[in-house]
Amino acid sequence: MSAADVAADTANDSGADTPRDFIRDIVRSDLAAGRTAEVVTRFPPEPNGFLHIGHAKSICLNFGVAQEFGGHCSLRFDDTNPTKEEQLYIDAIEEDVRWLGFDWGSHLHHASDYFQQLYDWAEHLIETGKAYVDDLSPEEMRAYRGTLTEPGRDSPYRSRSLEESLDLFRRMKAGEFPDGARVLRAKIDMASGNINLRDPALYRILHASHPRTGDAWCIYPTYDFAHGQSDAIEGVTHSLCTLEFEDHRPLYDWLIENLPVPTRPRQYEFARLNLSHTVLSKRRLIQLVTEGHVAGWDDPRMPTLAGLRRRGVPPEALRDFARRIGISKADNLVQLALLEACMREALNKSALRRMAVLNPLKVVIENYPEGESELLEAVNNPEDPEAGTRQVPFSRELYIEREDFMEDPPKKFFRLGPGREVRLRYAYFITCREAVKNDAGEIVELRCTYDPATRGGDSPDGRKVKGTLHWVSAAHGIPAEVRNYDTLFTEEVPGTGHGGDYLADLNPDSLKVLDCCLLEPALAEAPVGTAVQFERLGYFCPDPDSTPERPVFNRTVGLRDTWAKLQSKR
Ligand code: ATP
Ligand code: MG
């Protein structure tokens with residue numbers, strides 16, 4: 001199928017799952033009109049930090065558009081600032097994009113692959129009178145630049161000869177000058193209403209070793225000079241970026257027009273993702289990590305892809321999230337509750353059900369024979385019959401959730417209380433006979449009896465119970481640590497108050513460690529990174545900190561759907 005056919009086909013497909021937005025409309029019409037033969041996009045991270053969920057929006061858009069319209073998307077590292085970039089970040093970014101479910105195939109590129117070509121084009125601009133070497137200091141340059149309301153002034157070096165600029169630029173490259181001594185600037189218009197056109201810097205001196213090119217260069221292109229030209233070299237047709245680059249587009253176009261580039265990419269801007277109760281600026285995420293406010297880039301409270309993965313969020317939940325928030329030009333704030341709803345929806349389909357008690361209260365079944373146990377059959381996933389069943393051991397001493405018992409229960413409390421009967425999931429009906437207390441008056445144990453005729457959790461005489469509790473056999477349970485997470489920040493938009501100090505809004509209760517939890521034996525085999533449902537509690541995922549002796553689980557997300565609740569209130 002040709003790209004145009006794919007476009008027509010997509011246009012006819014009115015299925016709810018096919019995203020429609022202004023960017024896809026542009027691509028569709030470019031293909032239909034023959035302006036574009038094959039759509040080529042790119043995801044262009046700067047390797048100076050880990051990817052976050054905002055990047056996931058951009059990845060899903062760039063790779064998604066290429067996939068839907070039969071083109072290709074490349075992964076391009078925008079590695080033009082060697083002082084902030086590290087191999088660690090490069091590796092993490094590749095891992096995260098793959099984990100999210102996208103494949104760049106043979107299209108792995110680096111802006112640094114083009115350093116020689118970019119340099120040659122810089123010389124071309126000098127030779128055609130469209131760039132010059134400026135000797136102003138950074139402070140002077142700022143003063144000459146003007147403001148939003150005042151035009152800038154020409155640098156005294158703007159009128160130096162082509163020959164002199166070319167000579168100085170070559171000597172910059174040869175390493176004759178220290179950092180910051182000179183820059184190469186485009187010669188555009190110091191009076192432009194758009195500050196980006198007031199002779200922007202194209203090359204700066206940086207005596208720094210680069211992760212890929214080593215010490216071959218001591219001058220590096222700026223983002224603005226590298227980005228569009230890299231797009232052109234790679235044949236990118238639709239260069240998709242966030243709105244803060246809208247004011248850079250005239251410069252992007254100016255460079256493409258004034259250079260002998262092989263293709264003419266077009267830049268389109270969309271609104272970046274803002275997510276409530278977190279921060280998505282790399283500068284802030286780096287600060288959280290380096291100052292130890294979190295345990296690292298992959299701390300499960302972080303909005304990074306590594307953190308979300310460690311927390312147990314499946315990649316399909318993030319792709320679904322990206323689809324639901326859509327693409328537009330309007331800035332907005334997306335509620336974290338929407339992301340949580342996407343997690344629940346994905347996990348409800350895929351997660352195995354297991355039993356775990358987070359806050360244990362001992363139960364002794366007085367009429368169950370001492371020293372005996374039996375295996376009961378339990379369903380692995382009611383949403384997926386193919387997931388089958390498993391055996392859960394039952395015995396005389398069990399643990400239930402402490403909050404599933406009340407000494408003096410109110411009317412609507414359908415769980416256990418003195419004299420009350422409830423169902424133990426997959427097991428038996430039990431009745432509470434007595435609550436045993438310690439000297440401090442705290443309940444330490446429940447004495448109960450069970451009805452052997454209710455094996456499997458059904459009563460042959462049609463007797464009904466209102467409550468069903470989860471439980472773990474004391475002798476068979478695996479002691480574990482469970483990490484319960486709340487939002488990393490207490491405020492929807494951290495830093496709105498406190499004079500902009502977003503750190504003041506860090507949630508002191510974002511991590512609660514429960515260290516005497518008990519898991520059913522089948523949880524010993526739960527693979528790290530795959531979330532399971534703890535019945536009645538939520539979704540949890542084994543953490544890499546687990547040892548064979550002591551599993552550690554992260555709470556991925558609770559069961560309660562705050563999003564659905566919010567929606568129904570509207
Ligand atoms: P910073 O946080 O310093 O602004 P950055 O997040 O823009 O950095 P890049 O590595 O340059 O870091 O981003 C790569 C791509 O991801 C860019 O095309 C950028 O527009 C896009 N992107 C970054 N943040 C978001 C976001 N919150 N929502 C959507 N796209 C984003
Ligand atoms: Mg950026």
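Count residues from 1 along the sequence. We count ligands from 1, going down the list as the structure has it; atoms in each ligand are counted the same way. Below, each value reflects all heavy atoms present in this structure, side chains not excepted, and no hydrogens, waters or symmetry copies.
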Ligand 1 atoms nearer than 4.0 angstrom to some heavy atom of T242 are 19 (C), 20 (O), 29 (C), 30 (N), 31 (C)
Counting from 1 in the order shown, the ligand 1 atoms closer than 4.0 Å to a non-hydrogen atom of P45 are 10 (O), 14 (C)
Numbered in order shown, the ligand 1 atoms found under 4.0 Å of a heavy atom of F43 are 15 (C), 16 (O)
Candidates S58, C241, P303; heavy atom nearest atom 21 (C) of ligand 1 found on S58
Ligand 1 atoms nearer than 4.0 angstrom to some heavy atom of L273 are 26 (C), 27 (N), 28 (N), 29 (C)
Work out whether the distance between some heavy atom of R283 and some atom of ligand 1 is less than 4.0 Å.
no
**Prompt:** Under a 4.5 Å cut-off applied to non-hydrogen side-chain atoms, are R483 and P300 in contact?
**Reply:** no
(Q) Would E46 count as being in polar contact with ligand 1, using the rule that some N or O on each side must be under 3.5 angstrom apart? (A) yes
Heavy atoms, side chains only, cut-off 4.5 Å: are R212 and D113 in contact? yes
*Evaluate the side-chain proximity of L305 to H55: yes if any heavy-atom separation is below 4.5 Å, no if none is.*
no
Q) Can an N or O of K282 be found at a distance shorter than 3.5 Å from an N or O of ligand 1? A) yes
Worksheet item: Any N or O of S281 that comes nearer than 3.5 Å to an N or O of ligand 1?
Response: no
- Message: Measuring centre to centre across the rings, with the benzene-like ring taken for any Trp, is Y252 within less than 6.0 Å of F245?
- Response: no
| Distance under 6.0 Å and angle within 45° of ring axis: R182 vs F177 | yes
Would you call the rings of Y89 and F50 parallel, tilted or perpendicular if under 30° counts as parallel and over 60° as perpendicular?
perpendicular
**Asked** F270 versus S58: any side-chain heavy-atom pair under 4.5 Å?
**Response** yes
Checklist entry - Does an N or O from N48, backbone or side chain, lie closer than 3.5 Å to an N or O of ligand 1? => result no
